[in-house]
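Values in this document were obtained by computation on a predicted structure and should not be read as measured data. Excluded from the calculations below are hydrogen atoms, water molecules and symmetry mates; all remaining heavy atoms, backbone and side chain alike, are included.
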Amino acid sequence: LSHPECYGGLVFTSPRALEAIKICLKENSKNEAWSKSLKQRWNTKPAYVVGKATASLVEEIGLSPHGEKSGNAEKLAEYICSREKPNSSALLFPCGALKREVLPTVLRKKGIPLESLTVYQTAQHTDLQESLSCYFSQQGTPASIVFFSPSGVKFCLQHIQKLLGDFINHIKFAAIGPTTAEAMEAAGILVSCTAESPTPQDLAAGIQKAL
């Protein structure tokens, strides 16, 4: 972040990447440098984002987001390709260890350089099993269950299957987007709805229709 001159812009596909940057900027010396000059220098370059949640966090650190209506990595990659020239300065892509290769692959094919930097690790919450058991015993069986990421499917599904048994076939499963829906289908879940775009409104509308 201290070298905006080396890059053509930023790419963010997850709110967690912004959380990592916020932690980085909390140090007094870095925060001062960011406020005094770095923020302005980065603002001369695009900050590409995948959706509204990520866009609002980009605005919080003082940058202007582009592409927030994309909704997924495929559409964001198309949007970036429509704006960037091949062989220009690399775009800096702070991402998670589990990032998919969709965006880097599309950009690479178009000759747009991208520098991926792993800034967070996805891990299972230590109290996950206990929390799920507690929810089911107190609240009963839910009418629907929503997954927000492939890692959510990976970490939670086995526990949900144990808790529900055969009743799992009566649950309406929803996905925040196509990537999560694919992961759910691969795990053998019947997906009742996928949000048209990753917003609370579209997700609620999809669940309401499914129910």
Side-chain angles (χ1 to χ4, degrees), residues 1-25 34 38-39 41-123 147-155 175-187 191 194-199:
L1 288 175
S2 302
H3 299 282
E5 71 281 358
C6 298
Y7 300 98
L10 291 155
V11 180
F12 298 107
T13 58
S14 127
R16 261 80 53 207
L18 269 307
E19 284 166 26
I21 282 177
K22 280 182 156 185
I23 290 166
C24 174
L25 295 176
W34 180 259
L38 291 174
K39 181 169 63 178
R41 287 163 67 197
W42 277 112
N43 254 328
T44 64
K45 305 161 191 286
Y48 296 109
V49 298
V50 78
K52 289 184 178 176
T54 310
S56 64
L57 288 170
V58 163
E59 287 170 345
E60 277 181 28
I61 62 167
L63 301 180
S64 301
H66 297 268
E68 66 184 73
K69 288 182 181 168
S70 305
N72 61 51
E74 288 88 343
K75 287 181 182 170
L76 180 61
E78 285 171 24
Y79 178 77
I80 293 171
C81 290
S82 72
R83 291 171 54 104
E84 295 291 326
K85 294 188 176 95
N87 304 315
S88 50
S89 297
L91 298 170
L92 179 62
F93 179 32
C95 56
L98 297 180
K99 78 167 189 321
R100 290 167 74 231
E101 288 303 315
V102 172
L103 190 137
T105 302
V106 173
L107 266 54
R108 190 163 51 243
K109 282 180 183 170
K110 296 281 186 181
I112 296 163
L114 183 76
E115 188 178 307
S116 300
L117 181 70
T118 303
V119 296
Y120 71 92
Q121 176 79 42
T122 303
F147 284 109
F148 286 81
S149 68
S151 54
V153 178
K154 178 184 163 188
F155 295 138
I176 190 67
T179 310
T180 304
E182 280 169 28
M184 290 161 72
E185 283 161 2
V191 181
T194 304
E196 278 188 27
S197 66
T199 65

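Across all non-hydrogen atoms, the minimal contact from Ser89 to Gly8 is CB-N, 3.5 Å. Listed here is the closest heavy atom pair of Ile61 and Trp34: O-NE1, 2.9 Å. Ala47 and Val58 make their closest contact through CB-CG1, 4.2 Å (heavy atoms, listed as atom of the first residue, atom of the second, distance). Shortest non-hydrogen contact noted between Ala187 and Val153 is CB-CG1, 4.1 Å. When all heavy atoms of Val50 and Ala73 are compared, the pair lying nearest together is CG2-N, 3.9 Å. The shortest heavy-atom contact between Ile112 and Cys81 is CD1-CA, 3.7 Å.
The closest side-chain heavy-atom distance from Phe12 to Leu57 is not below 4.5 Å. Between Leu18 and Thr54 there is a side-chain heavy-atom pair separated by less than 4.5 Å. In this structure, the side chains of Thr105 and Arg108 come closer than 4.5 Å at one or more pairs of heavy atoms.
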Step-by-step side chain to side chain donor-acceptor pair (under 3.5 Å) determination, Tyr48 to Ser70: CA-CA 10 Å; Tyr48 296 109; Ser70 305; over 6 Å; no
Run the side chain to side chain contact (heavy atoms under 4.5 Å, CB included) check on Ser149 and Ile176 step by step: do they pass? CA-CA 7 Å; Ser149 68; Ile176 190 67; over 6 Å; no
Let's go through Lys99 and Thr13 carefully: what are the C-alpha distance in whole Å and the side-chain angles of both, what is the deciding distance for side chain to side chain contact (heavy atoms under 4.5 Å, CB included) to 0.1 Å, and is it a yes or a no? CA-CA 9 Å; Lys99 78 167 189 321; Thr13 58; 5.9 Å; no
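In this structure, Leu10 CG and Ile21 CD1 are separated by 6.5 Å, a value rounded to the nearest 0.5 Å. Here Thr44 contributes atom OG1 and Lys39 contributes atom NZ; the two are 14.0 Å apart, rounded to the nearest 0.5 Å. Separating the CG atom in Leu103 from the CD1 atom in Ile80 is a distance of 5.0 Å, to the nearest 0.5 Å. Going from atom CG of Leu98 over to atom NZ of Lys154 covers 6.0 Å, rounded to the nearest 0.5 Å. Atoms OG1 and CE, from Thr194 and Met184 in turn, are 7.0 Å apart once rounded to the nearest 0.5 Å. Here Leu107 contributes atom CG and Glu78 contributes atom CD; the two are 11.0 Å apart, rounded to the nearest 0.5 Å.
The aromatic rings of Trp42 and Tyr7 lie parallel to each other, with less than 30° between the two planes, well short of the 60° mark.
Contacts classified as salt bridge (Lys or Arg N to Asp or Glu O under 4.0 Å) and involving residues 49-68 (residues at least two apart or in different chains) are given here: Lys22-Glu60.
Remark: Lys45 pairs with no residue by the salt bridge (charged side-chain N to carboxylate O under 4.0 Å, His left out) rule, at least two apart or across chains. Under the salt bridge (charged side-chain N to carboxylate O under 4.0 Å, His left out) criterion, Lys69 pairs with no residue at all, not counting sequence neighbours.
The number of heavy atoms from other shown groups lying within 6.0 Å of NZ (Lys110) does not exceed 12. The environment of CD in Glu185 is crowded: more than 12 heavy-atom neighbours from other residues, nucleotides or ligands sit within 6.0 Å.
No donor-acceptor distance shorter than 3.5 angstrom exists from the side chain of Asn72 to the backbone of Thr179, with no hydrogens or angles considered.
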